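Contents: one structure, followed by commentary.
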Amino acid sequence: MSQDEGRYWLDRPENVAKLYRGLWIVGVLLVLADLVVHRHAEAGFDGGFGFYGVYGFVACVALVLAAKLLRRAVMRPEDYYDR
Amino acid sequence: MSAEQLPALVVVAPLVAAPVALLARRALPAWMVATAACGFSFVAALALAVQVTSGGAVSYALGSWPPPWGIEYRVDVLSAFVLVLVSGVATVVAPFAWASASAELERERLYLFYALYCLCVAGLLGMTATGDAFNLFVFMEIASLSSYVLIALGRDRRALLSAYQYLVLGTIGATFYVIGIGLLYLMTGTLNMADMAARLSDISSTRPVLAALAFITVGVSLKLALFPLHLWLPNAYTYAPSAVTAFLAATGTKVSVYVLLRFYFGVFGTRIVLEELPMSQILLALSVVAIVTASLVALWQADLKRLLAYSSIAQIGYITLGISMASREGLTAAVVHLFNHGITKGALFLLVGGVALRAGHAGFDRLQGLARTMPLTSLGIVIAGLSLIGTPGTAGFVSKWYLVLGAIEAGRWWLAAFIVATSLIAVAYIWRFVEAAYLAPLGGATPRAGEAPAAMLVPAWILVAASVWFGFDTSYSVQGAARAAALLLQ
Amino acid sequence: MIAELPAGLILVAAGLALPLLPRAARSPVAAAAPLLAFAQLLWIGPGYVLEKDAFGFTLQLVRTDRLSLAFGYIFTIAAFLNAIYAWRVREGIEPPAALVYAGTALAAVFAGDFLTLFIYWELSAVASALIVWAGGSARAYGAGMRYMAVQLGSGMLLAAGAALRYAEAGSLAFEHVGLGSPGGALLFLAFGIKCAFPLLHNWLQDAYPEASATGTVVLSAFTTKLSIYALARGFAGTEMLIWIGAAMTAFPIFYAVIENDLRRVLAYSLNNQLGFMVVGIGLGTDMGLNGAVAHAFAHILYKALLFMSMGAVLLRAGTVKGTELGGLYKSMPLTAGLCMVGAASISAFPLFSAFVSKSMVLVSAAEQGYTFIWLVLVFASAGVFHHSGIKVPFFAFFAHDSGIRCKEAPAHMLVAMALTALLCVGIGVFPGALYAILPMPVDYVPYTASHVLAQLQLLVFSGLAFSWLKRRGIYPPEMRSVNLDADWFYRRLGLRMARALAALLQRLFDAGREASRQLGEAGAALLERLHGSEGVLARTWSTGGMALWAAILLAAYLLLYYADKVDRGFIFLLILPFLIGALGLWADSRRRDDD
Amino acid sequence: MTAAASHYSYWITVLLMVAGLYIVIARGNLVKKLIGLSIFQTSVYLLYIAPGKLIGGTPPILAEGFRLYSNPLPHVLILTAIVVGVATLALGLAIVVRIREAYGSIEEDEILAADRAAERRPAESR
């Protein structure tokens, strides 16, 4: 591992941070685009400003938190069924 | 040779071949005579089948005495169907018997084996072809006596006791049958079955006729190994020489089923048997018990041959189940299963015979990893086993399909579910073979001498192929059975 | 001549012939057969019927229309891509089983009646079980057994349903069925098992990841999509499907988040994608059905691509566990890129395939007023991106470097993946081609500014959620584990109950035996006493016992016949001999005991 | 004459039948079983032949002054049945001889016990 240290752009944490910040900028731009583009609502309320962005973010955070809870309930050692 | 003489020729060929084989006193000519006679009968039976399909029943008056005074040979759709099965299996088993019997029996006495084989074939064909009730008894005894001897020829000493037990039980069965015929003769004054049926219609509810029905039912049930009269069968099949087991399993009980059908529907008539008497309920109950118990017993057998013998008892249960429905579908199922199970079980016993030849016997300890040393044999057993289960694409499926159809037609949902559910037991016992042969490591007792000789493998695979073929092309089996069912219900 | 042969049987025949061919010819034949079948399908087109009389019915072996052809096309394409991907696998049961499996599934799609459908349904189940077993491990064996049992159970229900249906409707024709009758309900259940409805789903996550690298790719294409086809044919517009489908989209994603085995993650997402199709079928509108079929078409491709990339990882790195992988983009950059095409496709990025198919289902649900369902579907779409779009590529190719350095995937796998990726992008860019083969006329434009923007917002913020949780350390780490699912009921609870039941039965049996032994000592169970107590039905009987049965049966028959005709005296006369016989037997046995 | 007495041949038939069957069921000795079997078969001979004889009937030869003939057919049939019976008995005895050679006994329970013991032995040694 040491010989390719630094050879790869993604190995450097500051580059990853750049990507992360870039993604936020893209997100904000997309939400701002809601002001420009005429939104055609499918279900009535989804025409609102930034609906998809908020829903996507909240849904995924909720998903992961719920999954963490689920893991407490269902996780067993890997050889559970083999015993 | 005209078509009128075919019914007699079918029977006479192996009957004459028997003393010829005896006189030959050497194995090879005796075998050749036997094989040729079986082949001839097969061709004649096929010709008969064609004949009766297009032109109706063929009758032959023995010694030119017209029926009902003389003995009549009468072949209709149903009997032609059974004749084809019996002579066909006999023809396939004959080449197998050359290699198998040579290995299992003393060479000097082999010719006797082939003479007996001819007699047995002649007896079974005669039972099917004759239209005379007493003549049927005589042929039944010819077939039985020769099969007692054939079973006693098995290598294991237990074959002797099995043959003895079969002899006692078979004789009781045949005697019951002949008592029944005697009572019918007293009441009607005729032995010709068609004539008897005509004369019985007025007096069918009288006491002697009912007694005759009881005696004939029990007698024939003994012969066809209907639960609980099956007890002679497992040992007889297990310890008999392989060729004998295969032949008898494929034909012996089937011909008895034929006799039962003949008497129930052809002589006594549906009205008395199935409407006035609780016959169909008894038969249904016995069939259901037979299927469950025999299948379960099969599941725990330590020997594949014995396992298959018990499975035969269960399969006979399916046949009698079809009869008990007494509907078009039910009878079609019974007749088609009689045929399909005949070829399937024949194939299985032939293949197991190959295993027994290499391993001494077919105990499961000899089957561990068998697929590696005898791949073709193992594959054949699995394919025929699938047919036994009733997997789509095999002959067994066709039978089960009609059984289920018959059950549904009669509004008996539980019965349809029962048929499907019990097939699962068959899955389990066939799986035991798959597990041993394919999934287990090669066992110490597993034969390593390779496949059985081609002379044994080829006949076996012919029947395996047939049990797949008749799963796809049902034009012969199902149409023949449907015609036979229509004839019986007339 | 070739037109007379059902397209599926071309594959089956090729599969059966495969082991007989020289090794060098096997892979070309395996690849050529699907092309031949595809060409045949193009040639015969819709409205073709091939009938044959069997079992006393007229069976429709082949019946083509726009619905079955759409599935036919994609099945043959998938079989072709599989053959390329598995080019180097020439030995063993897997290559022939894969072709037979694809062929029987294809034939099932064109079955015009339930009997034909049932036959191919069962054959495809057996062939696919062989593929699971070809995985070779002990776990694959166990999973294969469970898989086989479930699939055959589905077949059994199908047979029972078809039989009931025949009794109800008098016909075996495979047309719209509906839930209104017991037969319909059984068929629904049969299809539902194969479609991995919630609680009936576990065979999928259980078995697929245990197959070999190539085997899982094959498995992912056919079984479930066959059931999607069957549902679309028989149960379009059944409202219950909407709710079932919505549940299917939602619950697997929770499991996918915490699952460690990346192929199992994909199996969960497979389940989730099926949900979208089931909802579309349940809606039953033109657009809903079109969406279901289009999504099935697109799904087979991108799911195959994802499984292919994970197969390549399994082949080169030896594992697909999230805990053991990471940083593979350095060794396998092409595979990583192709995997991301698949990830983008399943996540429905604009210009990728699911964008043009899945949205039809969503729009249709919204149009029908199923707002709650619509919300669930949008949530599930975000979730898909989360686990299949991000998690799978991230943990395999990026994340922290696991230190694994291996070779790039072999050329034939890369070719197969590239072809599949090309198709995924092609559908995304030129949706018209896919829309042209859908069963109903299409009146839908996927590329509107509003739709593209909404989708991008959803995906980008899902991605942001992932990165944010990851950077905050909230995201659950990958752990080596087994997660309990509905299969616990039969793998644990069922097993324990079966064992307990067996013990109970054993005890009852022992007690019964003891009781009957005591009865026998009292002289009541004569047979028992004569013959000992082990395995009454199974052991060799004495001749006397056998003959006694004959006598008993005779007496029983006579009694039954005469029951309503005869005076009691006569019956007594008939029984008397047998009573005497039984007494004699008993006396005889006593005598011998005394000796 | 009462009905029962006038049909005395039937009673003898039933008696023979039941006696024969009883011996088959109750006797463990293989030879005795065969004797029982023969008695059982004999009952059938009587069942057929007795009704064929008419009281006052003569052999069926057409002649002046005789109008009542006995039925000859049952005799012919039973001739066949007797042949079958003899063949069965002979074969049965032959098998018993072989059984005696193989097991050293003709008592069925001893033979079954020997078989059972032989089956159990390999199972225990395993």
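Naming convention: chains lettered A, B, ... in sequence-line order (proteins, then strands); numbering from 1 in each chain. Quick caveat: nothing in here was measured; it's all calculated off a predicted structure.
Residues of residues 386-397 of chain C lying under 4.5 angstrom from chain A, judged on non-hydrogen atoms, are C/His386 by number.
Chosen from C/Leu458, C/Asn260, C/Val378, the residue pairing most often with chain A at heavy-atom distances under 4.5 Å is C/Leu458. By number of non-hydrogen pairs under 4.5 angstrom with chain C, the leading residue of A/Val26, A/Val31, A/Val16 is A/Val31.
Using cut-offs of 30° and 60° for the angle between ring planes, the C/Phe254 and C/Phe379 rings count as tilted.
Contact annotation for A/Leu65: only side-chain heavy atoms (C-beta onward) come within less than 4.5 Å of a heavy atom of chain C. If you measure heavy-atom distances from C/Tyr329 to chain A, the contacts under 4.5 Å come from the side chain alone. For chain A, no part of C/Tyr370 is nearby; none of its heavy atoms comes within less than 4.5 Å. Residue C/Leu459 does not touch chain A at all, counting heavy-atom pairs closer than 4.5 Å.
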Only distances under 3.5 Å count here; give the side-chain donor-acceptor pairs of residues 467-474 of chain C to other protein atoms, sequence neighbours excluded, each with its distance to 0.1 Å.
{"from": "C/Ser467", "atom 1": "OG", "to": "C/Gly463", "atom 2": "O", "distance (Å)": "2.8"}

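Among residues two or more places apart in sequence or in another chain, the salt bridge (Lys or Arg N to Asp or Glu O under 4.0 Å) test is passed with C/Glu324 by C/Arg480. With sequence neighbours left out, C/Arg264 forms a salt bridge (Lys or Arg N to Asp or Glu O under 4.0 Å) with C/Glu210.
Put simply, CG on C/Leu325 and CD1 on C/Ile404 are 5.0 Å apart, with the number rounded to the nearest 0.5 Å. Distance NE2/C/His451 to CG/C/Leu453: 10.5 Å, rounded to 0.5 Å.
A donor-acceptor contact closer than 3.5 angstrom is absent between the side chains of C/Asn272 and C/Thr249.
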Evaluate side-chain contact (heavy atoms from CB on, under 4.5 Å) for C/Lys321 paired with C/Leu262, printing each intermediate quantity in order.
-> CA-CA 6 Å; C/Lys321 299 237 163 83; C/Leu262 294 183; over 6 Å; no
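Between the C/Gln455 side chain and the C/Phe349 main chain, no donor and acceptor come within less than 3.5 Å of each other.
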